[in-house]
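Bear in mind the structure is a predicted one, so any value in this text is a computation, not a measurement. Note that ligands are numbered from 1 as they come in the structure, with each ligand's atoms numbered from 1 the same way.
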Amino acid sequence: MSTTSTAAPVIDLRGVTKSFSGQVVLHDIDLRLEEGTVTVVLGPSGSGKSTLLRTINHLEKVDRGQVRIKDTLIGYRQSGDRLHELSEREVLRQRSRIGFVFQQFNLFPHLTVLENVVEAPVSAQRRRRTEVEAEARQLLARVGLADKAAAYPRQLSGGQQQRVAIARALALQPDVILFDEPTSALDPELVGEVLDVIKELARDGATLVVVTHEIGFAREVADTVVFLDGGRLIEQGPPAQVLDNPRHERTRAFLERVL
Ligand code: ADP
Ligand code: MG
């Protein structure tokens, strides 16, 4: 449904091309994400999935093309052949509208769970600490960790740490949340609790991009599945099409390997 709608996209990539020292890792990517949709990104290791997310989040500069978040162009624009860049300050402001959840959680080890969630809204968005703290407690309750506010990350399981990371991303009140293999570092028995939290966000209407190898999750939750290979967007569409009836041999071969 999301691929045919004409609603304004939350994120719109056009012709995004990115290379590292001469090697092209993203080839001319076009991708639109509409509000309230879940996009699952699949692809073999090295296919450019993380680079794609990092580009959306402005952690990587593109060589060509444009990245638009809501109605704001972030970073780059082509007029003629010239790329225009935003100031660092504007980049930071834009980035704070995007949540990012990493494979390795990346919590601050010296801060409590509550402080981890409160940190960015206070420092990057200059919001009032008392107000943010009240919200942070609600977010911790939402991810099932109300009783862990005073704990330190090392005292938590991987699944709990990742749920803190999700609460931290939500605290920014982001337009979109990007997940880069959020369950890959977890013991198998902890994967479900993290996927359940992500599913709940999806049900609540959040706009999500999830890089994952969890095909069952993709089938259940995704509006759109995107398959990347060798930095090219090979195929995209609803899960029933891409997962059950892939058009491309490369998609088919990949699915046979992971299923
Ligand atoms: P994936 O997340 O799908 O495994 P990545 O986006 O991490 O793939 O990487 C895509 C390609 O870009 C790989 O060949 C990787 O080695 C290369 N790459 C990623 N980041 C860098 C970097 N900072 N410097 C040089 N090469 C990089
Ligand atoms: Mg990756």
Side-chain angles (χ1 to χ4, degrees), residues 11-31 33 38-67 69 74-76 83 85 88 91 95 98-107 158-159 161-162 165-166 168-169 176-188 190-191 194-195 198 208-218 221-222 224-237 239 242-243 246 248-259:
I11 290 180
D12 192 0
L13 305 191
R14 297 209 189 157
V16 166
T17 296
K18 169 74 186 170
S19 30
F20 290 111
S21 41
Q23 186 210 354
V24 182
V25 300
L26 293 176
H27 292 263
D28 201 18
I29 302 284
D30 289 327
L31 185 64
L33 309 176
V38 179
T39 303
V40 166
V41 180
L42 303 177
S45 179
S47 59
K49 305 181 298 297
S50 294
T51 305
L52 179 67
L53 293 193
R54 291 170 57 80
T55 296
I56 294 172
N57 200 28
H58 216 320
L59 293 164
E60 302 287 355
K61 293 190 173 185
V62 301
D63 303 337
R64 258 186 299 130
Q66 63 178 39
V67 179
I69 310 286
I74 71 163
Y76 337 89
L83 288 176
E85 289 189 19
E88 191 58 23
V91 166
R95 189 183 291 155
I98 303 175
F100 205 126
V101 175
F102 303 88
Q103 183 175 332
Q104 295 294 344
F105 329 134
N106 293 11
L107 299 177
Q161 288 187 56
Q162 193 60 302
I166 294 170
R168 181 176 63 174
V176 57
I177 308 179
L178 313 176
F179 294 84
D180 196 354
E181 301 200 29
T183 60
S184 296
L186 299 176
D187 292 332
L190 303 178
V191 168
V194 171
L195 293 182
I198 301 174
L208 309 177
V209 184
V210 188
V211 173
T212 184
H213 299 295
E214 299 285 340
I215 302 295
F217 171 85
V221 181
T224 305
V225 175
V226 170
F227 176 65
L228 283 185
D229 196 10
R232 293 179 196 277
L233 203 164
I234 303 291
E235 181 154 359
Q236 67 175 307
V242 177
L243 300 177
H248 277 264
E249 182 48 41
R250 284 155 91 174
T251 316
R252 215 168 287 146
F254 172 79
L255 290 170
E256 272 168 25
R257 283 202 304 277
V258 299
L259 281 174

Check your understanding: So is Q23 close enough to ligand 1, meaning a heavy atom under 4.0 angstrom away?
Key -> yes
Point to revise | Note, V67 side chain near V16 side chain (heavy atom, < 4.5 Å) | key: yes
**Study point:** Residue from T212, I166, V194, V41 passing side chain to side chain contact (heavy atoms under 4.5 Å, CB included) with F179
**Key:** I166
Exercise for review: Among all protein heavy atoms, pick the one closest to atom 12 (O) of ligand 1 and tell me residue, atom and distance.
Suggested key: V25 CG1, 3.0 Å
Review point. Looking at the Mg ion (ligand 2), is one of the N, O or S atoms of S50 less than 2.8 Å from it?
Key: yes
Check your understanding: Is any side-chain heavy atom of V209 less than 4.5 Å from a side-chain heavy atom of L52?
Key -> no
Exercise for review: Enumerate the atoms of ligand 1 whose separation from the nearest heavy atom of P44 is less than 4.0 angstrom.
Suggested key: 3 (O)
Review point. What protein heavy atom sits nearest atom 5 (P) of ligand 1, and how far away is it?
Key: T51 OG1, 3.7 Å
Check your understanding: So is E60 polar-close to ligand 1, meaning N/O to N/O under 3.5 Å?
Key -> no
Review point. Any idea which atoms of ligand 1 are less than 4.0 Å away from a heavy-atom of S45?
Key: 4 (O)
Study note, to complete from the structure: atom 19 (C) of ligand 1 has as its nearest protein heavy atom F20 CE1, 3.5 Å
Review point. Side chains of I11 and L31: does their closest heavy-atom pair fall under 4.5 Å?
Key: no
Check your understanding: Please state which protein non-hydrogen atom is closest to atom 4 (O) of ligand 1 and give its distance, to 0.1 Å?
Key -> G46 N, 2.7 Å
**Study point:** Protein contact to atom 8 (O) of ligand 1 [nearest heavy atom, distance to 0.1 Å]
**Key:** G48 N, 3.2 Å
Review point. Among protein heavy atoms, which sits nearest to atom 3 (O) of ligand 1, and what does the distance come to when rounded to 0.1 Å?
Key: K49 NZ, 2.8 Å
Point to revise | pair V210-F217: side-chain heavy atoms closer than 4.5 Å | key: yes
Review point. Distance-only, no hydrogens or angles: does the K18 side chain make a donor-acceptor pair with backbone N or O of K61 under 3.5 Å?
Key: yes
Exercise for review: Could you tell me whether atom 21 (C) of ligand 1 has a protein heavy atom closer than 4.0 Å?
Suggested key: yes
Check your understanding: Is any side-chain heavy atom of V24 less than 4.5 Å from a side-chain heavy atom of D63?
Key -> no
**Study point:** Heavy-atom check, side chain of Q103 versus side chain of D180, under 4.5 Å
**Key:** no
Practice item. Report yes or no: does G231 have a heavy atom closer than 4.0 Å to ligand 1? Key: no
Practice item. For residues V62 and L13, determine if any side-chain heavy atom of one lies less than 4.5 Å from a side-chain heavy atom of the other. Key: no
Revision key, fill the gap. shortest atom 7 (O) of ligand 1-to-protein heavy-atom contact is with S50 CB, 3.7 Å
Practice item. Taking the side chain as every heavy atom from C-beta outward, state whether L233 and L228 have any pair of such atoms under 4.5 Å apart. Key: yes
**Study point:** Nearest protein heavy atom under 4.0 Å from atom 14 (O) of ligand 1, yes or no
**Key:** yes
Review point. Closer than 4.0 angstrom: is that true for some heavy atom of G43 and an atom of ligand 1?
Key: no
